[in-house]
Novice: 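First, the structure itself, so that you have it in front of you.
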Amino acid sequence: MRLSEDFLQNIARIIPQERMVRDEDMDVHTSFRVGGPASLFLTVENKEELQRLTVYLRRTGHDFFVLGNGSNLLVSDKGYDGIVVRLSGQFAEIETDGETITCGAGALLTQVSHVAADKSLTGLEFASGIPGSIGGAIVMNAGAYEGEMSQVVETVEVLDAEGEFLTLENQSMDFGYRTSVIKNSKYVITEVRLRLTAGNEEDIRVRMRDLAEQRRARQPLDLPSAGSTFKRPEGHYAGKLIMDAGMRGFQIGGARVSDKHCGFVVNLGHASAADVYDVIREVQERVKDRFNVKLETEVILLGDF
């Protein structure tokens with residue numbers, strides 16, 4: 001993407017230059033630890049900056065991607081010919097009030113779950129090991145161990161395509177399995193309000209430790225990945241389908257179907273994004289051929305593959 005000096009100067013009137021980076025390598029911003037450079041990487045620290053920036057980018061026709069924690073993202077080796085916007089500062093704040101927690105979209109889900117435990121609030125234990133941001137978790141309706149975000153969300157504040165702030169109630173979010181109304185819209189999540197339940201802090205932390213032990217026992221947490229690579233197809237489990245298709249340990253380059261959990265594609269330390277993508281495609285084709293089941297990815301693809 002060719003970025004004119006006039007364009008960059010106008011961006012600098014919104015975002016300080018020290019928070020503007022050209023050709024930023026995305027491998028350091030994703031849990032897969034792969035990916036080429038983004039044309040422009042901007043760190044936004046408050047709602048006013050975000051509002052002014054998104055209005056300007058849309059008016060000038062520049063593509064942009066709002067980055068959470070990069071834990072569910074595969075960026076092409078060619079990079080992203082667009083603008084990546086990372087939410088920081090005000091967007092990482094977490095506040096509690098009785099049985100509610102209000103947090104910026106950039107707050108880490110693990111941190112929010114620990115704040116809930118500190119306040120003896122139950123209902124978010126399932127999320128204590130999910131490495132994404134709260135904003136990303138809302139977009140995907142993240143879940144684990146029979147819990148999901150739709151169960152605890154009260155309201156979601158978003159910035160719409162016209163630069164207006166809107167508050168969406170839970171029933172307006174169209175939550176489904178790993179989806180929400182946000183996923184295919186132009187909304188940018190700015191703030192989330194969670195409604196939890198008063199509980200016992202010791203019981204909450206025992207449950208969180210138990211879930212952490214289960215994750216360590218069942219998931220390849222020692223290798224870079226994006227968590228569960230595939231959605232659970234109706235009536236099946238992705239990991240079992242992949243295993244029964246003979247794909248356990250299948251490897252291309254430095255990417256491999258985990259021997260510990262076949263639902264994970266992992267980076268052995270020297271993978272390219274193309275390696276990861278090719279493993280994903282091969283798994284999808286093999287499972288489709290063997291069981292006539294289409295595996296959809298949970299992972300978001302950014303850039304050209």
Novice: Can you find a heavy atom in the side chain of Val112 that is under 4.5 Å from one in the side chain of Leu194?
Specialist: yes

Novice: If you count heavy atoms of other groups shown closer than 6.0 angstrom to CD of Glu202, is the number above 12?
Specialist: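 Counting neighbours around CD of Glu202, 12 or fewer heavy atoms of other residues, nucleotides or ligands fall under 6.0 Å, so no.
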
Novice: Is there a chain of hydrophobic side chains (I, L, V, M, F, W, Y, each step under 4.5 Å between heavy atoms) that links Ile242 to Val299?
Specialist: yes

Novice: Validate the cation-pi geometry between Arg286 and Phe250: distance from NZ or CZ to the six-membered ring centre under 6.0 Å, angle to the ring axis within 45°.
Specialist: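 That pair qualifies as a cation-pi contact.
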
Novice: Verify whether one side chain among Asp275 and Ser272 offers a donor that lies under 3.5 Å from an acceptor in the other.
Specialist: yes

Novice: Given the rule in the side chain to side chain contact (heavy atoms under 4.5 Å, CB included) test, do Asp63 and Ile83 qualify, once you have shown the distances and angles that lead to the verdict?
Specialist: CA-CA 6 Å; Asp63 292 333; Ile83 297 162; over 6 Å; no

Novice: Taking 4.0 angstrom as the limit, do Glu298 and Arg232 come out as a salt bridge?
Specialist: no

Novice: Taking the six-membered ring where the residue is Trp, are the ring centres of Phe126 and Tyr145 under 6.0 Å apart?
Specialist: no

Novice: Would you confirm whether Gln51, through its side chain, and Gly163, through its main-chain N or O, come within 3.5 Å as a donor-acceptor pair?
Specialist: yes

Novice: Check Glu146 against Gln151 and note the closest heavy-atom contact, atom names and distance.
Specialist: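 Here Glu146 and Gln151 meet closest at O-NE2, 3.4 Å.
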
Novice: Indicate whether any N or O donor in one side chain lies under 3.5 Å from an N or O acceptor in the other, for Arg52 and Tyr56.
Specialist: no

Novice: Would you please say whether a donor-acceptor pair under 3.5 Å links the side chains of Glu125 and Thr122?
Specialist: yes

Novice: Over all heavy atoms of both residues, which pair between Glu24 and Phe41 is shortest? Give the atoms and the distance, please.
Specialist: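 Shortest heavy-atom contact: CB-CB, 3.5 Å.
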
Novice: Would you check if Arg22 and Leu8 make a side-chain contact, meaning some heavy-atom pair closer than 4.5 Å?
Specialist: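 Touching, per the 4.5 Å side-chain cut-off.
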
Novice: Quick one: does any side-chain atom of Asn10 pair with a main-chain N or O of Asp6 as donor and acceptor, under 3.5 Å?
Specialist: yes

Novice: Answer with yes or no whether the side chains of Thr43 and Arg86 bring together a donor and an acceptor at under 3.5 Å.
Specialist: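 Yes.
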
Novice: Linking I/L/V/M/F/W/Y whenever any side-chain heavy atoms sit under 4.5 Å apart, do Phe32 and Leu295 land together?
Specialist: yes

Novice: Decide yes or no for His29 and Val75: does some side-chain heavy atom of the first lie under 4.5 Å from some side-chain heavy atom of the second?
Specialist: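 Contact flag for His29/Val75 side chains = no.
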
Novice: Side chains of Ser133 and Asn69 only: does a donor on one sit below 3.5 Å from an acceptor on the other?
Specialist: no

Novice: Could you report the tightest heavy-atom contact between Val152 and Gly123, atom names first, then the distance?
Specialist: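 So the minimum-distance heavy-atom pair works out to CG1-O, 3.4 Å.
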
Novice: Any side-chain heavy-atom pair from Phe165 and Val158 closer than 4.5 angstrom?
Specialist: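 Counting from C-beta outward, Phe165 and Val158 never come under 4.5 Å.
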
Novice: Where do Tyr80 and Met26 land on the side chain to side chain contact (heavy atoms under 4.5 Å, CB included) test, with the steps shown first?
Specialist: CA-CA 9 Å; Tyr80 174 56; Met26 292 299 292; 5.6 Å; no

Novice: Verify the distance criterion only: is there a donor paired with an acceptor across the side chains of Thr167 and Glu157 at less than 3.5 Å?
Specialist: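 No, no side-chain donor-acceptor pair sits under 3.5 Å.
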
Novice: Counting N and O atoms only, with roles assigned by atom type, does the side chain of Thr30 sit under 3.5 Å from a partner on the main chain of Val34, one being a donor and the other an acceptor?
Specialist: yes

Novice: Check whether any side-chain N or O of Ser225 sits under 3.5 Å from a backbone N or O of Phe264 as a donor-acceptor pair, and report yes or no.
Specialist: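 Absent.
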
